[in-house]
Participant: 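Pasting a structure below so you can have a look.
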2 protein chains.
Amino acid sequence: MTQGVFRALADPTRRAILQQLRDGPRGVNALAQGFEMSRPAVAKHLKILEEGRLITVEQRGRERLNHLQPEMLAVAQRWLGFFDAFWDDKLANLKLEVERDDD
Amino acid sequence: MTQGVFRALADPTRRAILQQLRDGPRGVNALAQGFEMSRPAVAKHLKILEEGRLITVEQRGRERLNHLQPEMLAVAQRWLGFFDAFWDDKLANLKLEVERDDD
DNA sequence: ATATTGTGAAACTAATTGGTTTCCCATAAA
DNA sequence: TTTATGGGAAACCAATTAGTTTCACAATAT
């Protein structure tokens, strides 16, 4: 699960797609207009985003609307959260250094 | 900057390396023992982590100690934070799945 | 009925990735 | 001074990635 999310986030086009989808669901063509690449290329990115469960697809007639599904971003946030303690420790150590650096 | 970070995080070995480094700085050989791959392979991952500025290298004699530098993880966290507005009550359902996740 | 639109699928390509083995060098220890 | 250790660099390889063009097809619009 974690792998699917981080893999999906690794590509700048895919991250941009997610940001686009914050404004509402979009079809492949609408999305592809925002990028300098062909529709099939964007379609492949969407597939990877779908595999990572960062988007869901709603079929409406001949249209396929790609919806942002931000729940999985929480997986990434949670993983990163495990380092917050380290971050805090480092800041604390730094603080100590600063405090006895009064000469 | 964001690209370097997300690229570095895309590989499970690299994420595992970062987790290892939470316990303190390590040389390539020490790290490589934790994975079923050769030292040069791990060295390449370290290089990518360094390019993404997720680690720093301290040269001590013939040893090169790789230090976790968690500041850049905040870059990823900030990017993900832009989606916080989208979170809804589906998060509760997700929590169950997350808790039995490996990787 | 016909034309247009939104999309998927296949086949192909170039570049990148993730790994290997081998060899070499500098530092540290005997 | 010789040996052992920690690690870089090169050359190579297979698989994956990110893109392309072309074709096909079903749903909508005229």
Side-chain angles (χ1 to χ4, degrees), chain A residues 1-21 23-69 76, chain B residues 1-21 23-69 76 102-103:
Chain A
M1 192 164 67
T2 306
Q3 175 56 27
V5 173
F6 277 113
R7 183 202 171 202
L9 292 176
D11 186 274
T13 300
R14 288 195 289 270
R15 289 197 305 277
I17 288 174
L18 292 179
Q19 289 180 324
Q20 292 260 115
L21 293 182
D23 300 333
R26 297 276 186 279
V28 200
N29 275 310
L31 284 169
Q33 286 181 336
F35 304 96
E36 287 189 337
M37 70 181 66
S38 66
R39 177 177 52 75
V42 174
K44 285 186 187 178
H45 285 302
L46 288 172
K47 194 181 170 193
I48 292 173
L49 287 169
E50 201 183 348
E51 283 169 3
R53 291 161 60 191
L54 290 166
I55 63 171
T56 54
V57 182
E58 174 198 4
Q59 185 94 36
R60 291 188 55 168
R62 70 180 164 184
E63 280 185 81
R64 298 188 96 227
L65 290 178
N66 301 275
H67 292 255
L68 177 61
Q69 205 191 354
Chain B
M1 190 165 72
T2 308
Q3 176 55 28
V5 174
F6 278 113
R7 184 202 171 203
L9 292 175
D11 186 274
T13 300
R14 288 195 289 270
R15 290 197 303 277
I17 288 174
L18 292 179
Q19 289 179 325
Q20 292 259 115
L21 293 182
D23 299 333
R26 297 277 185 278
V28 200
N29 277 310
L31 283 169
Q33 286 181 336
F35 303 96
E36 288 188 338
M37 69 182 69
S38 65
R39 176 176 54 74
V42 173
K44 286 186 186 178
H45 284 303
L46 288 171
K47 194 182 170 194
I48 292 174
L49 287 169
E50 201 184 348
E51 284 169 4
R53 291 159 61 190
L54 291 166
I55 63 171
T56 56
V57 182
E58 175 197 3
Q59 185 92 37
R60 290 188 57 166
R62 71 179 165 185
E63 282 185 78
R64 299 187 97 228
L65 291 179
N66 301 275
H67 293 257
L68 176 62
Q69 204 191 358
D102 305 320
D103 194 4

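Residue numbers begin at 1 in each chain, while the letters A, B, ... track the order of the sequences.
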Participant: As a test of reading the structure: which of dT21(C), dT20(D), dG7(D) is closest to the side chain of S38(B), going by heavy atoms?
Facilitator: dT21(C)
Participant: Between dG8(C) atom P and E50(A) atom CD, what is the distance in whole Å?
Facilitator: 9 Å
Participant: Within the side chain of R26(B), is there an N or O that forms a donor-acceptor pair under 3.5 Å with the backbone of L31(B)?
Facilitator: no
Participant: Specify the separation, in whole Å, of atom NZ of K44(B) and atom C1' of dC12(D).
Facilitator: 9 Å
Participant: With nearest nucleotide decided by heavy atoms, which residue, R7(B) or N66(A), maps closer to the 5′ end of DNA chain C?
Facilitator: N66(A)
Participant: Measure from the side chain of E63(A), starting at C-beta and using heavy atoms only, and say which of dG6(C), dG6(D), dG8(C) lies closest.
Facilitator: dG6(C)
Participant: So, does Q20(A) use its side chain to make a donor-acceptor pair with the main chain of A30(A) at under 3.5 Å?
Facilitator: no
Participant: Rounding to a whole Å, what distance do you find between N29(B):CG and dT5(D):P?
Facilitator: 11 Å
Participant: Can you confirm whether L68(A) sits close enough to L54(A) that some side-chain heavy atom of one is under 4.5 Å from a side-chain heavy atom of the other?
Facilitator: no
Participant: Would you mind reading off the distance between K47(B) atom NZ and dG19(C) atom C1', rounded to a whole angstrom?
Facilitator: 15 Å
Participant: Once rounded to the nearest 0.5 Å, what's the spacing between atom CG of L49(B) and atom CG of L21(B)?
Facilitator: 8.0 Å
Participant: Nearest whole angstrom, please: distance from the P of dG8(D) to the NE2 of H45(B).
Facilitator: 15 Å
Participant: Could you tell me whether R26(A) contacts a base, only the sugar-phosphate backbone, or nothing, with contacts defined as non-hydrogen atoms closer than 4.0 Å?
Facilitator: nothing
Participant: Tell me, for nucleotides 22-30 of chain C in 5' to 3' order, what letter each nucleotide earns: B for a base near a protein heavy atom under 4.0 Å, S for only sugar-phosphate near one, - for neither?
Facilitator: -----BS--
Participant: Measure from the side-chain heavy atoms of V28(A) and tell me the nearest of dT7(C), dG8(D), dG18(C).
Facilitator: dT7(C)
Participant: Rounded to the Å, how far apart are D11(A) CG and dT17(D) P?
Facilitator: 11 Å
Participant: Let me know the distance between CG of L65(A) and P of dA27(D), rounded to the nearest Å.
Facilitator: 16 Å
Participant: Given side chain to side chain contact (heavy atoms under 4.5 Å, CB included), test D11(B) with H45(B) step by step and report yes or no.
Facilitator: CA-CA 9 Å; D11(B) 186 274; H45(B) 284 303; 3.5 Å; yes
Participant: With nearest nucleotides of DNA chain D determined for T13(A) and A30(B) from heavy-atom distances, which residue corresponds to the more 5′ nucleotide?
Facilitator: A30(B)
Participant: Report the C-alpha separation of L65(A) and E63(A) in whole Å, then their side-chain angles, then the decisive distance to 0.1 Å, and conclude whether the side chain to side chain contact (heavy atoms under 4.5 Å, CB included) test is met.
Facilitator: CA-CA 6 Å; L65(A) 290 178; E63(A) 280 185 81; 4.2 Å; yes
Participant: Could you tell me how far apart L9(A) (CG) and dA18(D) (C1') are, to the nearest whole angstrom?
Facilitator: 17 Å
Participant: If you assign I48(A) and G27(B) each to the DNA chain D nucleotide with the nearest heavy atom, which residue ends up on the more 5' nucleotide?
Facilitator: G27(B)
Participant: Do the side chains of E58(B) and R60(B) get nearer than 4.5 Å, heavy atoms only?
Facilitator: yes
